[in-house]
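Here is the structure we will look at, set down as structure tokens.
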Amino acid sequence: MTMDMTVRDLIETHDEHAREEVVMKGWVRNHRAQKAFGFINVNDGTCFDTIQVVYEEGLTENFALLRKIRTGAAIEVAGEVVLTPERSQPFEIKARTIRIIGDSPEDYPLQPKRHSREFLRKHAHLRGRTNLFTAVFRIRSLLTHAIHEFFHSRDFLHLASPIITASDAEGAGEMFRVTTLTPETVGKKGGNIDHEEDFFGKKTNLTVSGQLQAEAFAQAFRAVYTFGPTFRAEKSHTPTHASEFWMVEPEVAFADLDDIMDLSEDMVKAIIRYVLAHAEKEMAFLDRFVEKGLIKKLENIVGSEFHKVTHKEAVTILTDADHSFDTPPEQGADLATEHEKALVEHFGGPVFVTDWPKDIKAFYMRLNDDEETVAACDLLVPGAGEIVGASQREERHDVLKRRMREMGVDEDELGWYLELRRYGSVPHSGFGLGFDRMLMYITGVKNIRDVIPFPRTPKNCEF
RNA sequence: GCCUCAGUAGCUCAGCUGGUUAGAGCACUUGACUGUUAAUCAAGGGGUCCUAGGUUCGAAUCCUAGCUGGGGCGCCA
């Protein structure tokens, strides 16, 4: 009985299987045929590497047919594991039989050569078979695991916050409407759509954040996190925006802004450490072909403390810097992308910008004693912009109510949220991590559409 | 939403100051080759030059509009 093995199994244990007969299945990455023998590189997605299969006239069945095998075909190989330490790969499979499971005709779009990212995006259903996307999506999966592991090791409760929400008061951008009404069934009152006739009896949207629900759970379970998809209907056309993306949103009771900054820093470092330890080959590939010095950059992050500046200090640094901006930095005003880039450059790594002017931040952020700023911070990183937005939440009922009024937030809709401040309200804080942006930072890939399996952006919902 | 660049073979791109039959490398097909590593060598097939108008004797090339994609800005994670 021969053993059916994955590429990963074979790479990890080929020594133990020397001279044994094995069976493996996978897709042809490259094929080099010669007169009396040929070489096929096979990958099955279980790890980054390919395995070289050798076939020979007289040794392998159907030799003449095998020469026609093309890139992309799915094959099953049965043969002997041969150790080849003197060659550029430690072992190969000397094939006894090769069976074509699924042929790949000559118009297979992927070739054994470099393709542009734009081209591969149009072939998202096939791009997982390329080196780059094998690396990126293996790491994406590892990173997901690393996040769950980090929070579970700290006894956080994982909460599945709702995807459909009736709240649209968070001001976090345009929302996608969820409705079962059709032009035929829609009822109208005075020319307007009658939302009472809709599925939920009211206007509903896809969530832009699970934060508010996480706050409720934090005041029952102390430390919680959500990790799931969020949706923004904003017509943003940039390398760091997608219409559907994932966020990690922890929320901790009895924690202030410093506590939550420490938590986010610990988490960022822990998940980077996890990926460095578990995706050595993938990271080496990315370091070589995608971003030179990537591994060193990440190792530095893990080994150093993140910088912290207040928004006020940041503006002063920018104003004093010998740097011309399209929009001059201004006290009390928001930081433009060019300012963020300059700050990150100034500190040479991730930096927390804290204590933002209250008028440019959300209503739920806790008002500082100066009555001018809020206890909020953004974590800026080179290449992926803002990856974490954190704040201490306003736990004082009267202050929150006042802030909601000032910022025009509907009190009825968020009555439950306000009510949390009446029953055992405690100081609490949380942050949101843009998962896909974090993945960009870790892989060095500069476009969010290339770290999401099937990305959705304005005017693009293919696959 | 605004600004900007691009769209020519399956892919990457050249041709673009208008002028015979639109080119190259890779891929593909056929053949050569006794250990290849994006193998190499030879021959061959392959094009609505993004779409629609316009200018012109003549448009891949110039003009206008649109579509698609990249980059920048705004918004944000």
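Naming convention: chains lettered A, B, ... in sequence-line order (proteins, then strands); numbering from 1 in each chain.
- Taking the side chain of Glu106(A) as heavy atoms from C-beta on, and the options G35(B), C28(B), G74(B), the nearest nucleotide is C28(B).
- G69(B) atom P lies 16 Å from atom CZ of Phe119(A), rounded to whole Å.
- For the pair Leu433(A) CG and C76(B) P, the computed distance is 18 Å after rounding to whole Å.
- Note on Lys446(A): every side-chain N or O is 4.0 Å or more away from OP1 and OP2 of G72(B).
- The nucleotide G1(B) finds its pairing partner in C73(B), both defining distances of the Watson-Crick or G-U wobble pair being shorter than 3.5 Å.
- The same atom, C1', is picked in A27(B) and in C13(B); the two are 14 Å apart, to the nearest Å.
- Look at Arg121(A) and Glu462(A) and you find no salt bridge, because none of the NZ, NE, NH1 or NH2 atoms lies under 4.0 Å from a carboxylate O.
- Contact annotation for Ala242(A): base contact, defined as any heavy-atom pair under 4.0 Å involving a base atom.
- Salt bridge absent: Lys341(A) and Glu338(A) never bring a charged side-chain N and a carboxylate O closer than 4.0 Å.
- For Asn447(A), a side-chain nitrogen or oxygen approaches OP1 or OP2 of G71(B) to under 4.0 Å.
- Between Ser104(A) and Thr71(A) the shortest heavy-atom distance is OG-O, 3.1 Å.
- In this structure, Arg96(A) does not pair ionically with Glu80(A), as no charged nitrogen and carboxylate oxygen lie closer than 4.0 Å.
- The side chain of Arg232(A) approaches A77(B) more closely than any other nucleotide in the set G35(B), U68(B), A77(B).
- Of the candidates C75(B), G69(B), C73(B), C75(B) carries the atom nearest the Glu234(A) side chain, counting heavy atoms from C-beta on.
- When distances run from any side-chain atom of Phe37(A) to the nucleotides G35(B), C75(B), G69(B), the shortest one goes to G35(B).
- Test Phe285(A), Phe137(A), Phe133(A) against Phe48(A) for ring pair (Phe, Tyr, Trp, His ring centres under 6.0 Å) and you get one pass: Phe285(A).
- Phosphate proximity of A38(B) to Arg29(A): absent, as no side-chain N or O sits under 4.0 Å from OP1 or OP2.
- When the nearest nucleotides of RNA chain B are assigned to Phe39(A) and Ser116(A) by heavy-atom distance, the more 5′-ward of the two goes with Ser116(A).
- The line from OG of Ser209(A) to CZ of Arg232(A) is 7.0 Å long, rounded to the nearest 0.5 Å.
- Of the residues near RNA chain B, Lys459(A) and Ser236(A), the one whose nearest nucleotide (by heavy atom distance) lies more toward the 5' end is Lys459(A).
- The Ile448(A) side chain lies nearest to A77(B) when the options are U29(B), U36(B), A77(B).
- Residue Gln111(A) places a side-chain atom within donor-acceptor reach of the base of G10(B), judged by atom type and a 3.5 Å distance cut-off alone.
- Taking a cutoff of 4.0 Å between a charged side-chain nitrogen and a carboxylate oxygen, Arg8(A) and Asp44(A) do not qualify as a salt bridge.
- Taking atom NE2 of residue His241(A) and atom P of nucleotide G70(B), one finds them 15 Å apart after rounding to whole Å.
- Rounded to whole Å, the separation between the C1' atoms of A60(B) and C41(B) comes to 34 Å.
- Listed nucleotides U34(B), A77(B), C75(B) differ in distance to Lys35(A); the shortest reach to its side chain belongs to U34(B).
- Salt bridge status for Glu76(A) with Arg99(A): present, with a side-chain N to carboxylate O gap under 4.0 Å.
- With P as the reference atom, A52(B) and A43(B) are 37 Å apart, rounded to whole Å.
- With a cut-off of 3.5 Å on both Watson-Crick or G-U wobble distances, the partner of C57(B) is given as G19(B).
- Look at CZ on Phe231(A): it is 14 Å from C1' on A77(B), rounded to the nearest Å.
- Across all strands shown, nothing is found opposite A9(B) as a Watson-Crick or G-U wobble partner with both distances under 3.5 Å.
- Aromatic ring pairs are classed by plane angle as parallel below 30°, tilted from 30° to 60° and perpendicular above 60°; the pair His158(A) and His148(A) is perpendicular.
- Side chain Glu92(A) to base G35(B): a donor-acceptor pair is found below 3.5 Å.
- The base of C11(B) is not paired with the side chain of His115(A) by any donor and acceptor separated by under 3.5 Å.
- Using a 4.0 Å cut-off, some side-chain N or O of Lys235(A) falls inside it from OP1 or OP2 of G1(B).
- The existence of a salt bridge linking Asp450(A) and Arg127(A) is confirmed by a sub-4.0 Å separation between a basic side-chain nitrogen and an acidic carboxylate oxygen.
- Of the candidate nucleotides G35(B), G31(B), A38(B), G31(B) has the atom lying nearest to any side-chain atom of Lys68(A).
- One N or O donor and one acceptor, one from the side chain of Gln89(A) and one from the base of U36(B), sit under 3.5 Å apart.
- Picking from U36(B), U30(B), G69(B) the nucleotide with the shortest atom distance to the side chain of Arg32(A) gives U36(B).
- Of the nucleotides present, none pairs with G35(B) by Watson-Crick or G-U wobble criteria with both distances under 3.5 Å.
- Asp378(A) comes within contact range of no nucleotide atom at all, as no heavy-atom separation falls under 4.0 Å.
- When Watson-Crick and G-U wobble pairs are counted only if both distances are under 3.5 Å, U48(B) pairs with no nucleotide at all.
- Taking every side-chain heavy atom of Arg70(A) into account, C28(B) is the closest of U34(B), C28(B), G70(B).
- As rounded to the nearest Å, G10(B) and U51(B) have P atoms that lie 13 Å from one another.
- Counting to the nearest Å, the P atom of U68(B) and the CD atom of Glu462(A) are 11 Å from each other.
- Using a 5.5 Å limit on the distance between ring centres and a 30° limit on the angle between planes, the aromatic ring of Phe245(A) counts as stacked on the six-membered base ring of A77(B).
- Base engagement by Gln34(A) is indicated by at least one non-hydrogen atom pair under 4.0 Å involving a base atom.
- Under 3.5 Å, the side chain of Glu56(A) and the base of U34(B) form no donor-acceptor pair of N or O atoms.
- Regarding Glu174(A), its CD atom lies at a distance of 18 Å from the P atom of G74(B), rounded to whole Å.
- Nucleotides C28(B) and G74(B) are separated by 46 Å at their C1' atoms, to the nearest Å.
- Regarding contacts with the backbone of G70(B), a side-chain N or O of His237(A) is found under 4.0 angstrom from either OP1 or OP2.
- Protein atom NZ of Lys94(A) is 14 Å distant from nucleotide atom P of U36(B), rounded to whole Å.
- Taking atom C1' in both U21(B) and A32(B), the straight-line distance is 32 Å, to the nearest Å.
- Counting atom types as modelled, Arg114(A) pairs no side-chain N or O with a base atom of C26(B) as donor and acceptor under 3.5 Å.
- Nucleotides C11(B) and G47(B) are separated by 14 Å at their C1' atoms, to the nearest Å.
- The gap from the C1' atom of C2(B) to that of C75(B) amounts to 13 Å, rounded to the nearest Å.
- A straight line from CD of Glu338(A) to P of G74(B) spans 7 Å, rounded to a whole angstrom.
- Lys361(A) comes within 4.0 angstrom of no nucleic acid atom, judged by non-hydrogen atoms across all strands.
- The base of C73(B) lies outside donor-acceptor range of the side chain of Thr337(A), with no N or O pair under 3.5 Å.
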